[in-house]
Novice: 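The structure follows.
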Amino acid sequence: MTQAPAPAQALRISPVALRQKVAQQLDRHRNGDAYPVMVVRAEPAWPHDPTMLLPDGRRARIEPCVSPLAVWEHLVADRGDEVLVLLTDIPESVLHHGVRSRIFRERVHTVEPWDLVVDAFGAQLPDPALERESWAGVALLDAMPTAGWPKLATAVLTRDVALRHLAAVRLGLDRRGEDPDDLDVATLLRWSAQPGAVEAYGLLREEEQAGLSRWLVEQFGRPAKALFALTAAGRGQEALPLGLVCDALWSTESADAVRAQGRVDQYLGSLNDDATVRGFAGATVQVVTGLLAAPEADVRRQGHAVLDRAEELLVQFNAAGSAGHSSILRTGFNQRIGVAARALLAGLRDAADTALERAVGHLAEHRLAAAETERITRIRMAQRLVRWLGTDVAPPESVADGVNRQIAEWGWADLALHHVWAGDDAHPELQQAFRQIHDRAQARRRELDGAFARRLGAWATAGPGNDGGLLTVENILPRVVEPLIRADRSVLLVVLDGMSAAVAVQLADEMSQHWVEYDPLARAGAGRRRGVVAALPTLTAVSRTSLFAGALRSGNQEHEKKLFAEGRWGKGSRIFHKGPARGGAGEVFAGELAAAVAGLAPVVAVVINTVDESLAHGREGGEAGWQLDDVGFLRSLLDQARSSGRAILVTSDHGHVLERGGQHVKATDAASARHRTGPGPTAPGEIELTGPRVVADGKRIIALWDPLLRYRPSKAGYHGGASLAEVTIPLLAFLLPNVAEPPAGWAPVEARRPPWWQATPAAPTAAPVTSAPVPKPRRKAPTVTGDALFDVPEATTATAAAPAGDGDLVAVLLASELFKAQHSLTPRRVDERKIEAALRALVDAKGVLPVAVLAQRAGEAPVRAGGFVTTLQRILNVDNYPVLSQIDDNRTVRLDLALLREQFGLPGAKP
């Protein structure tokens, strides 16, 4: 006699699945009692709310029943208007006929997982591959979200769709704002780092863990295989830090690394597959890189926590010495810092050594560089100072020469010095390198200051007008602003009290992203950033009053406001000092100032004291550099001027020097921290200044030129002396990019950075971003024959075979048949003379010019500069090769001369 098979074990059912089962049955069989008793075969346990609201509005009460007697007791008990659902694991055959006759459809309803799951997805049947995953039906039923599974538009529920949704729920993607389509290798690895995530996964039924892990490995390959090997070994929560360790150890073949790999194997369980480990390691590096670069602070903290744990594992595996080449671990980053520090010191001894460029570039490629931007910036600044120290620097030949070079070069060195002085907080070798570089560069700057002070002393005595076209502070308004007023151009004049050339470097660079910088005194020459000589002594009461008065004098805010009220600089012109410019609650700046900038006043002058106040309160003492957002309401003020169409002038009344461990010099006649008025002889570091430019009693002062000396107690910085940084005032002039016609005499600023500031002085090396690799340039244009729409003839050269110089290159290009054919195809025929002028300007500039400068040199209106460059690209970029490209956020044009020769078959092209 054959024994009947034992009934299948009753399933545990979730509230969502039970609600669906009950609603499904009631909807299919509507005849009969409105509030029946339904017996469902399921695990007789219900740790949930005993009442449930069904979709049709009826209420159901759920009762677990462990025996036939329990079922009977519920059948005969009084009950109200509610559906009674009894959960029992008793087979239907065990229940007496009298019991079955009282229940819904006289039967025990068995939960068929696939029936409910397919119905929940809105499909009609599962595909065979899904049905073969016997564990998945129960898992999908148990994991069903409160709102149910999403409804599909297809009749068949496929294996991958169902398991992707299951994995999304089990991995908690919804709690992180993600959906099943976001499931990938990175999501899986990030999941492993979530607190309690791997532990919760381990609580799933063994069949589900095995099946879901198998599907995830099938989908995501080696990284998933390694992750679940770690999970099986009880180390899944350490997948990310361990992956970073594996990346370091499995990417080198050193004996120490191989030994450390053996110690790591204990974490990997049964996994003995180097290819899988490498794939897993590469994936973790990408994931942690993303964590470190995330905009959310808590995600970045998680990334750094992973790095911390990885460093602990390195120590645990005795593998720290094998991880120095890592592109993401702190051990690798610190080692690269050490290499860069040693290269900086070597560069001081031999400026021609290229090891420094390689070391800094290698450091910047490390994945922690983006999270350590301040350290990288300071190292680059030190690198620039090393380059500067490797150049020959002659002392200034005159005051004008010193001021011009302070603006064009030495102010940039001051900026780099500020960063290097700020130093490093952790790496002794880098601290030593910074100290030596700073001391060498500071010594050079002091020599230049001393030479300038001697020129300044002679110049002050002789009086203004003896140094070419040098601009002085009292002439800014007459020479720069007044011509604009006469031409009916409104002006916003911003005076950043105390701004030095170093501060102007960064502010101007940021402003140039939205405005075009001009030289207001270029006349017919090339544009350059201008420097202005402050009045003496270099104090606000003297130099700023002289600026607003248009003549040398001393005064205060009341004097300055009176000068503007008298209408000398145009009727209705106004000046706003610190107090009146500040806004009330809810205002960035005063409404009166906003109205003036938006109005018809010829000149609106605004004094911003942020820089000067920082010298007293120490803002710059621990943090180098200035951004627009650091300077009061300057950014908002510029935005207001943009909408009003005003020309922008940003200048100062004097510069400043910073406290850098200087010496206090006792002086009973000190009138400021940097000058005194007594009759005594000058001491080392001082210069006597006399003459008409000195606004003081007797037209005489003694000023400190040495930036490391001061007469008064220590502060963050000082002014009043005779150093280049104090005497030189930067003058920044800007117009909107779409100005149709700049003021007469204004020309775009051409060179902004000194040659040693960039690694490659000749030209930037940035290439345009393309969606596909740039193909190899052709040697010559193909000859098109037959009935082609456009016949593009082969390039010809009208000169002898000998290579032509770059000066002749333009003439040869313009004479070539290929150029003529390309020029004829442009929608807007540009005058060939403008093209020639633009090309010659680019050749003279070694291939790189700002867009505004290129348009100006070609005789093209600034408002059409962008279109002009686009037309040039259509002509020169044959077959889309980047002969002419735009870099630096489209602010700069770059001509690849070598590619130009190859594309057009010009003399000098490489064979």
Side-chain angles (χ1 to χ4, degrees), residues 516-519 522-528 735-751 763 768 781 790 792-793 795-799 804-888 890-897 899-901 903-907:
V516 178
E517 185 177 1
Y518 278 82
D519 178 356
R523 301 297 180 259
R528 60 183 174 86
L735 296 175
L736 287 171
N738 58 352
V739 172
E741 199 65 42
W746 284 46
V749 170
E750 294 195 10
F790 296 111
V792 183
T796 59
T797 55
T799 60
D806 285 344
D808 299 326
L809 186 69
V810 175
V812 175
L813 170 68
L814 298 178
S816 69
E817 293 296 329
L818 179 57
F819 171 82
K820 293 177 181 177
Q822 289 288 105
H823 189 207
S824 68
L825 299 180
T826 57
R828 183 173 75 91
R829 293 293 297 275
V830 178
D831 189 333
E832 190 172 306
R833 290 172 297 182
K834 291 185 177 181
I835 298 175
E836 179 179 6
L839 291 173
R840 292 195 183 280
L842 281 166
V843 169
D844 292 343
K846 295 184 173 62
V848 179
L849 277 178
V851 171
V853 173
L854 183 68
Q856 186 261 345
R857 297 285 286 274
E860 188 65 85
V863 72
R864 292 196 292 270
F868 178 65
V869 173
T870 300
T871 300
L872 287 181
Q873 288 179 303
R874 287 174 174 165
I875 296 171
L876 300 178
N877 294 355
V878 181
D879 292 343
N880 291 322
Y881 291 99
V883 175
L884 190 75
S885 56
Q886 290 182 268
I887 58 176
D888 194 21
N890 292 333
R891 289 182 287 162
T892 305
V893 178
R894 178 174 183 262
L895 176 66
D896 189 325
L897 291 169
L899 193 54
L900 177 71
R901 292 179 188 274
Q903 285 299 92
F904 286 86
L906 303 178

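Source: prediction; values computed, not measured. Here, residue 1 is the first one in the sequence, and each next residue gets the next number.
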Novice: Among residues at least two apart in sequence or on other chains, which ones pass side-chain hydrogen bond (donor to acceptor under 3.5 Å, both in side chains) with D519?
Specialist: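 Checked D519 against side-chain hydrogen bond (donor to acceptor under 3.5 Å, both in side chains); matches are R530.
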Novice: Is a donor on one side and an acceptor on the other found under 3.5 Å between the side chain of S816 and the backbone of L813?
Specialist: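 Flag set: sc S816 to bb L813 pair under 3.5 Å.
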Novice: Can a donor-acceptor pair be found, under 3.5 Å and without considering hydrogens, that links the side chain of Q903 to the backbone of Y881?
Specialist: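 Answer holds: no.
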Novice: Would you check if the side chain of R901 reaches a backbone N or O of P907 as a donor-acceptor pair within less than 3.5 Å?
Specialist: yes
Novice: I'd like to know if the side chain of H823 reaches the main chain of D831, judged simply by a donor and an acceptor atom lying under 3.5 Å from each other, with no hydrogens or angles considered.
Specialist: no
Novice: Say you draw a straight line from CG of L839 to CG of L876; how long is it, rounded to the nearest 0.5 Å?
Specialist: 6.0 Å
Novice: Output, in order, the C-alpha distance, side-chain angles, deciding distance and verdict of side chain to side chain contact (heavy atoms under 4.5 Å, CB included) for T892 and Q886.
Specialist: CA-CA 6 Å; T892 305; Q886 290 182 268; over 6 Å; no
Novice: Would you say the side chain of V812 lies within less than 4.5 Å of the side chain of F904, judging by non-hydrogen atoms?
Specialist: no
Novice: By side-chain hydrogen bond (donor to acceptor under 3.5 Å, both in side chains), which residues pair with E832, not counting sequence neighbours?
Specialist: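 Residues passing side-chain hydrogen bond (donor to acceptor under 3.5 Å, both in side chains) with E832: none at all.
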Novice: If only atom types and distance count, is the side chain of E860 paired as donor or acceptor with the main-chain N or O of A855 below 3.5 Å?
Specialist: no
Novice: For A837, which residues count as a side chain to side chain contact (heavy atoms under 4.5 Å, CB included) partner, sequence neighbours excluded?
Specialist: none
Novice: Could you give me the CA-CA distance, side-chain angles and deciding distance for V516 and V749, then say whether side chain to side chain contact (heavy atoms under 4.5 Å, CB included) is met?
Specialist: CA-CA 8 Å; V516 178; V749 170; over 6 Å; no
Novice: List for me each residue that meets salt bridge (Lys or Arg N to Asp or Glu O under 4.0 Å) alongside E517, sequence neighbours excluded, and say none if there are none.
Specialist: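 Applying salt bridge (Lys or Arg N to Asp or Glu O under 4.0 Å) to E517 gives R529, R752.
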Novice: Rounded at 0.5 Å granularity, tell me how far CG in L849 sits from CZ in R894.
Specialist: 13.0 Å
Novice: Between L884 and L895, is the side chain to side chain contact (heavy atoms under 4.5 Å, CB included) condition met? List the steps.
Specialist: CA-CA 5 Å; L884 190 75; L895 176 66; 4.0 Å; yes
Novice: Which pair of heavy atoms, one from W746 and one from Y518, lies closest together, and at what distance?
Specialist: CE3-CB, 3.5 Å
Novice: Is there a side-chain contact between R840 and R857 in this structure, where contact means two heavy atoms from C-beta onward sitting under 4.5 Å apart?
Specialist: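 No, their side chains stay 4.5 Å or more apart.
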Novice: For Q822 versus I875, what's the shortest heavy-atom pair and its separation?
Specialist: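 Taking Q822 first and I875 second, the nearest heavy atoms are NE2-O, 3.1 Å.
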Novice: Would you find a donor on one side and an acceptor on the other, under 3.5 Å apart, between the side chain of D896 and the backbone of V883?
Specialist: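 No, D896 side chain to V883 backbone: no donor-acceptor pair under 3.5 Å.
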Novice: For a side chain to side chain contact (heavy atoms under 4.5 Å, CB included) check, start with the C-alpha distance between V893 and V848, then their side-chain angles and the critical distance, and finish with the verdict.
Specialist: CA-CA 6 Å; V893 178; V848 179; over 6 Å; no
Novice: List the residues meeting salt bridge (Lys or Arg N to Asp or Glu O under 4.0 Å) with D844, not counting sequence neighbours, and say none if there are none.
Specialist: none
Novice: With sequence neighbours left out, what residues match A838 under side chain to side chain contact (heavy atoms under 4.5 Å, CB included)?
Specialist: L854, A858, F868, L872
Novice: Sequence neighbours excluded, which residues qualify as side-chain hydrogen bond (donor to acceptor under 3.5 Å, both in side chains) partners of Q873?
Specialist: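 Testing Q873 for side-chain hydrogen bond (donor to acceptor under 3.5 Å, both in side chains), a comparison that skips the adjacent residues, returns none.
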Novice: Write down the atom of V853, the atom of P748, and the distance for their closest heavy-atom approach.
Specialist: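 Looks like CG2-CB, 3.5 Å.
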